[in-house]
Enquirer: 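Right, I'll just put the structure down here and ask away after.
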Protein chains: 2
Amino acid sequence: MKKQNELPQCDCTIIHNDIINRVRSEMPRAEHLYDLSELFKSLSDQTRLKILFALSKNEMCVCDIANLLEMSQSAISHQLRVLRNVRLVKYHKVGKVVYYTLDDNHVNELFKQGLDHVAHQ
Amino acid sequence: MKKQNELPQCDCTIIHNDIINRVRSEMPRAEHLYDLSELFKSLSDQTRLKILFALSKNEMCVCDIANLLEMSQSAISHQLRVLRNVRLVKYHKVGKVVYYTLDDNHVNELFKQGLDHVAHQ
DNA sequence: GTTTCATATGAATACTTATTCACATGTTAA
DNA sequence: TTAACATGTGAATAAGTATTCATATGAAAC
C-alpha cells in the first residue's frame, strides 16, 4: 500500500530538532510496531469484532458463529484464520466440529478501553 | 467491501440455538460496533501508530512529525485527519504552526494492552 | 471403502485505503 | 498587497482486504 520510491520529507523550516531526536530515540522497534498494527488491524473489521464479542460470551463452533451473524461458513472461516494468526482466538476439535474460544483476556481489556473512548461522546 | 445480495448463512445441522440466541441478545449495538471498528481501524496503520507514539512523548507540529517519520507533509496531514476524526488527537494553532497532542489517555492504555498481547510470544 | 458433513482454503472480484501530486487556505512579514 | 510558508485537501493510483464460489480436507457413520 505504500509507495517507497524516493524520500519526500517536509521542507518546512520550523523544525524542533531537539524534540525530534529525543522522540526518535524513544520510538518502539519496527518489529513491535508491525505486530501492534497487525493486532489492531484484526480488530478493525466489524465481522471480526462481532466474532470476538460472541466468543467473549461463549465458546462457539464455526457453524454457530455463521448462524449468529447470518453469514456464510466460508466468510467466517476466513475471518477466524485472521484472528488465529494474531492469537486472539484458539480452538479445539470435537469430531468434525471445531470450537473456538478467546485466547486470552487482552481482547476484553482492549474492548473496554475502546468502548470507553467512543462512549466519551 | 462487503457484497450484500442474498443471505448465504451456514447449512450445518450442528447448531447450538440456545447459545446463539443468548449471545445474540448480548451483542453490542451496531452503532457501537461501528465506532469501535473505526477506532481500531485508525490504530491499524504503522504510520498512524508512529504518530501516536510520538505524540505520547511530546507535543509536535506537523512539520516535526513529517521529519521524524521521513514522510511528506501531505501524507502526515492526511493521516492526522483520520486521527482527528476518531478524536485520538487534538491540536492548537500558534501562527501558521499547528501543534498536535493526544486527545486523552485511552491511546496509551490501548497501546499497553496491545503491546502486552504481542509480547506474549 | 463410500458417503456425509463440518471446516478450511485458493482464486476472483468488488471495495477500501495510503500515498503522491497539484493546489487551496490562512497566517505572518515585508 | 504581496510574498513566503505551514498546513489542509481533492483526485488519482497502487496496494490491501472481505466476501463469494468452487473445491479440498478430514473425521464420523454407514
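The shown structure was predicted, so the numbers you read here are calculated from the model rather than taken from an experiment. Just so we're on the same page: letters track the sequence lines, and every chain starts at 1.
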Enquirer: Would the distance check show the side chain of H117(B) and the main-chain N or O of V86(A) forming a donor-acceptor pair, the cut-off being under 3.5 Å?
Expert: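 Yes.
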Enquirer: Under a single-linkage definition using a 4.5 Å side-chain heavy-atom cutoff for Ile, Leu, Val, Met, Phe, Trp and Tyr, are V82(A) and F40(B) assigned to the same hydrophobic cluster?
Expert: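 As far as the 4.5 Å side-chain criterion goes, F40(B) and V82(A) are not connected within one cluster.
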Enquirer: Whole Å only: how far is the CD atom of Q46(B) from the P atom of dT19(C)?
Expert: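 Spelled out: CD on Q46(B) to P on dT19(C) is 10 Å.
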Enquirer: Reading DNA chain D from 5' onward, which residue's closest nucleotide shows up sooner: S44(A) or R84(B)?
Expert: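 Counting from the 5' end, the first nearest nucleotide belongs to R84(B).
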Enquirer: Heavy atoms from C-beta onward define the side chain here; which of dG10(D), dG8(D), dT19(D) lies closest to that of R81(B)?
Expert: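 The closest nucleotide is dG10(D).
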Enquirer: Minimum heavy-atom separation for L68(B) and I20(A), please, with both atom names.
Expert: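 Smallest interatomic distance, heavy atoms only, reads CD1-O, 3.7 Å.
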Enquirer: Whether the side chain of H78(B) and the base of dT20(C) hold a donor-acceptor pair under 3.5 Å is what I'd like checked.
Expert: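 Indeed, a donor on one side and an acceptor on the other fall under 3.5 Å apart.
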Enquirer: Please give the angle, rounded to 10 degrees, between the axes at the start and the end of the helix from dG1(C)-dC30(D) to dA30(C)-dT1(D), where five pairs define each axis.
Expert: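 One end axis against the other gives 20°.
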Enquirer: To the nearest 0.5 Å, how far apart are OG in S44(A) and CG in L49(A)?
Expert: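 One gets 8.0 Å once the value is rounded to the nearest 0.5 Å.
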Enquirer: If I take atom NE2 from residue H78(B) and atom CZ from residue R48(B), how far apart are they, to the nearest 0.5 angstrom?
Expert: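 Result: 12.5 Å between the selected atoms.
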Enquirer: Are the side chain of D116(A) and the backbone N or O of K112(A) linked by a donor-acceptor pair below 3.5 Å?
Expert: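 It does not hold such a pair.
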Enquirer: What is the distance, rounded to the nearest whole Å, between atom CD1 of I76(A) and atom C1' of dT20(D)?
Expert: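 So the two atoms are 13 Å apart, to the nearest Å.
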Enquirer: Hey, is the side chain of S74(A) pairing donor to acceptor with the base of dC21(D) inside 3.5 Å?
Expert: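 Counting by modelled atom types and ignoring angles, a donor-acceptor contact under 3.5 Å is found here.
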Enquirer: What is the distance from atom CG of L43(B) to atom NZ of K41(A), rounded to the nearest 0.5 Å?
Expert: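 Atom-to-atom, L43(B):CG and K41(A):NZ are 12.5 Å apart.
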Enquirer: Measure from NZ on K90(B) to C1' on dT7(D) and round the result to the nearest Å.
Expert: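 Rounded to the whole Å, the gap is 20 Å.
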Enquirer: Rounded to the nearest angstrom, tell me the gap between atom CG in L43(A) and atom P in dT17(D).
Expert: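 Interatomic distance, CG of L43(A) to P of dT17(D): 14 Å.
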Enquirer: Tell me which nucleotide among dA6(C), dT19(D), dG10(C) gets nearest to the side chain of V97(A).
Expert: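 My answer, after comparing the listed nucleotides, is dA6(C).
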Enquirer: So, taking the atom named NZ in K93(B) and the one named SG in C61(B), what distance separates them when rounded to the nearest 0.5 Å?
Expert: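 Here the interatomic distance stands at 13.5 Å.
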Enquirer: Categorize Y99(A) for me: base, sugar-phosphate, or nothing, with a 4.0 angstrom heavy-atom threshold over every strand shown.
Expert: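 Nothing, no nucleic acid heavy atom in range.
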Enquirer: Tell me whether D45(A) contacts the main-chain N or O of T47(A) through its side chain, where contact means a donor paired with an acceptor under 3.5 Å.
Expert: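 Present.
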Enquirer: Between dT7(C), dT7(D), dT19(D), which one does the side chain of A75(A) approach most closely?
Expert: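 Closest of the options to the side chain of A75(A): dT19(D).
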Enquirer: Taking the side chain of C61(A) as its heavy atoms from C-beta onward, which of dT7(C), dT19(D), dT7(D) lies nearest to it?
Expert: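 Given the options dT7(C), dT19(D), dT7(D), the side chain of C61(A) is closest to dT7(C).
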Enquirer: In the 5'-to-3' direction, what one-character label does each nucleotide of nucleotides 24-30 of chain D receive under the scheme B = base within less than 4.0 Å of a protein heavy atom, S = sugar-phosphate only, - = no such atom?
Expert: --BBS--
Enquirer: When all nucleic acid strands are considered with a 4.0 Å heavy-atom cut-off, which category describes Y91(B): base, sugar-phosphate, or nothing?
Expert: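 No contact.
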